[in-house]
Amino acid sequence: MAKLTKRSDDYSQWYNELVITADLAENSAVRGCMVIKPYGYAIWEKMQQELDRMFKETGHVNAYFPLFIPKSFFSKEASHVDGFAKECAVVTHYRLKNDPDGNGVIVDPDAKLEEELIVRPTSETIIWSTYKNWIQSYRDLPIKCNQWANVVRWEMRTRLFLRTTEFLWQEGHTAHETKQEAIDETETMVQVYANFAEQFMAMPVLQGVKTANERFAGALETYTIEALMQDGKALQSGTSHFLGQNFAKAFDVKFATKEGTEEYVWASSWGVSTRLMGALVMAHSDDFGLVLPPKLAPIQVAIVPIYKSEEELNKISVVVNEIVAKLKKRGISVKYDNSDNRKPGWKFAQYELQGVPLRLAVGPRDIANNTVEVARRDTLTKEVVSIDGVDAYVADLLETIQENIYKKALDFRTENTTEVNSYEEFKEVLNNKGGFVMAHWNGSAEIEQKIKDETKATIRCILLNGDKTPGKCMVTGEPSAQRVVFARAY
RNA sequence: CGGGAUGUAGCGCAGUCUGGUAGCGUACUCGUCUGGGGGGCGAGGGGUCGCAAGUUCAAAUCUUGUCAUCCCGACCA
């Protein structure tokens, strides 16, 4: 297998090669759609597992809504249509037939649907048309549903995990009695995402709200978590939307209050997608391959035996099997790779490429000395330690690695966050350094657009708990309430 | 949808200009020596050259058409 392109040579090629060679995903026969391979899917499953647990802890339940949405539902919320209309796949027919000219099958023109169906790009409309039937009184509220699903957005250009035509995600949709309750829910969920990103992905994120330009189609407020990739570009990694009463009004969802009056329901929606896989890859990995945080690694420890003869392997296996049993007892996922069709050197390189946090090697020398060689993926360092107590050692080390890669990412972000006070300085930092640029802005959509047109940088968010010192807009000199976060983004 | 490029073995590519036996690397199969960082040697299997028409004694190579993919731009989680 050839060496990866270096990040410094071509970051985007490095990413593409890494996703494929680490066996996470590949392009499929369908344009813009990917095949998530077992190793990549195993990481996604671990993400799902943790997120699902966090959703349930915060009072949510899972449900499932249809893939298809009647076209008429879509037109009910005006800004929502505007946002998604350009990227919707549409089902127009329900039957094929044999081509009378003998060229395989064709769409049967007699099987045209009376009402065309949209393949969901997101499910607000189908869900709110359903919630209408579920909600009569305040006693029916709140409703806090999540669904794990696939969605389709017909993108022009796609990249594995970062932007694909079909992708997997979860979408939470909640209905509340009061405005404040819906806002609280929106904020709770962006906090859940931030906790997940930091504690499990070891990826520091900024929390903030989007400007009107960047807001979700149909939302009154969009909260976001923004992560910084190693090439200095930002990646929106999760969003949580306060939808106000927009969808309740569009679908006529009202409830009877305690006082006997009738009110529209307040709503939120929130989601993260397989894009998180892209974030995970770009946050930690290096020129040797993937670096996975132990908490999300499908294999936390790989053990490679080094032997000449079969009897030597048997001796090693006895010792290794004990180690495996002890590690499993601690809940550590371990793979003893005693396959004989690859050489140790090949296995070392392979586990490195796939980001396995720890690799143990056991050979005749170790058997003689009662030792094992422990290699860390994050630092690429090796140590020889005693087999006695190796399980405790490994358990500690996995925690250390989790912390270390988080710290490394956090240091990187700190180094690549720059305050600027003039538009000149702003452009200079963007072009020469990248990263998050903290600058004052007058709050107008026009200036935001002008900056985007001139520099390709967008406002990633307005920090929830950032520095609130006022200043002057870097472009117009007008008053600004606080600095906002700019960056070039994926 | 605009600009650029590419379709030849599972993968990566050469061969195309100048038409004449289908090639290389890697992967795969068998044997053997090996094994503490992507092994060595020997033997072997695998391709209607994207598809369709045309020119020619002869087309991967020339002509026309067509399909697909990738990269760069506008859209986006």
No-H, no-angle donor-acceptor pair, A/E352 side chain to B/rG37 base, under 3.5 Å = yes
Pairs satisfying side chain to side chain donor-acceptor pair (under 3.5 Å), at least one member in residues 73-86 of chain A, at least two apart = A/E77-A/S79
Test for a donor-acceptor pair under 3.5 Å between the base of B/rG37 and the side chain of A/R359, counting only N and O atoms.
-> yes
Residues 30-46 of chain A, side-chain donor-acceptor partners within the protein, below 3.5 Å, at least two apart:
{"unit_1": "A/K37", "atom_1": "NZ", "unit_2": "A/D23", "atom_2": "OD1", "d": "2.7"}
{"unit_1": "A/Y39", "atom_1": "OH", "unit_2": "A/Q354", "atom_2": "O", "d": "2.6"}
{"unit_1": "A/K46", "atom_1": "NZ", "unit_2": "A/A297", "atom_2": "O", "d": "3.4"}

Contact list for residues 355-366 of chain A, test salt bridge (Lys or Arg N to Asp or Glu O under 4.0 Å), sequence neighbours left out | none
Would a distance-only check, ignoring hydrogens and angles, find a side-chain to backbone donor-acceptor pair under 3.5 Å from A/T164 to A/L160?
-> no
Close N or O pairs between protein and nucleotides 6-13 of chain B (under 3.5 Å):
none

Which part of the nucleic acid does A/E155 contact within heavy-atom distance under 4.0 Å: base, sugar-phosphate only, or nothing?
-> base
Partners of A/T122 by side chain to side chain donor-acceptor pair (under 3.5 Å), sequence neighbours excluded?
-> A/E124
Which pairs would a plain distance check flag for residues 196-208 of chain A, meaning a side-chain donor or acceptor within less than 3.5 Å of a matching protein atom at least two apart in sequence or in another chain?
{"unit_1": "A/E198", "atom_1": "OE2", "unit_2": "A/V205", "atom_2": "N", "d": "3.1"}
{"unit_1": "A/Q207", "atom_1": "NE2", "unit_2": "A/Q191", "atom_2": "OE1", "d": "3.2"}

Where the side chain of A/P344 is defined as all heavy atoms beyond and including C-beta, which of B/rC28, B/rC75, B/rG36 is the nearest nucleotide?
-> B/rG36
What interatomic distance, in whole Å, is found between P of B/rA27 and the corresponding atom of B/rC11?
-> 15 Å
Can you list the residues that meet the side chain to side chain donor-acceptor pair (under 3.5 Å) rule with A/W14, with sequence neighbours excluded?
-> none
How is A/R365 classified with respect to the nucleic acid when contacts are heavy atoms under 4.0 Å: base, sugar-phosphate, or nothing?
-> base
Nucleic acid contacts of residues 294-311 of chain A, taken as heavy-atom distances under 4.0 Å to RNA chain B | A/I306, A/Y307, A/K308
Partners of A/T455 by side chain to side chain contact (heavy atoms under 4.5 Å, CB included), sequence neighbours excluded?
-> A/Y423, A/F426, A/K427, A/L430, A/I451, A/A457
Find the distance A/L313:CG to B/rG35:P and express it as a whole number of Å.
-> 15 Å
So what does A/T164 hit on the nucleic acid, given a heavy-atom distance under 4.0 Å: a base, only sugar-phosphate, or nothing?
-> base
Could you give all pairs that pass the salt bridge (Lys or Arg N to Asp or Glu O under 4.0 Å) test and reach residues 276-294 of chain A, with sequence neighbours left out?
-> A/R7-A/D287, A/D286-A/R377
What residues in residues 376-390 of chain A put a non-hydrogen atom under 4.0 Å from any atom of RNA chain B?
-> A/K382
Please work out whether the ring planes of A/F84 and A/F74 are parallel, tilted or perpendicular, with thresholds of 30° and 60°.
-> perpendicular
Please determine, for the side chain of A/K343, which listed nucleotide (B/rU34, B/rC1, B/rC76) has the closest atom?
-> B/rU34
Got a sec, which pairs hit salt bridge (Lys or Arg N to Asp or Glu O under 4.0 Å) with one end in residues 306-316 of chain A, sequence neighbours left out?
-> none
How far, in whole Å, is B/rU48 from B/rG42 if one measures between their P atoms?
-> 29 Å
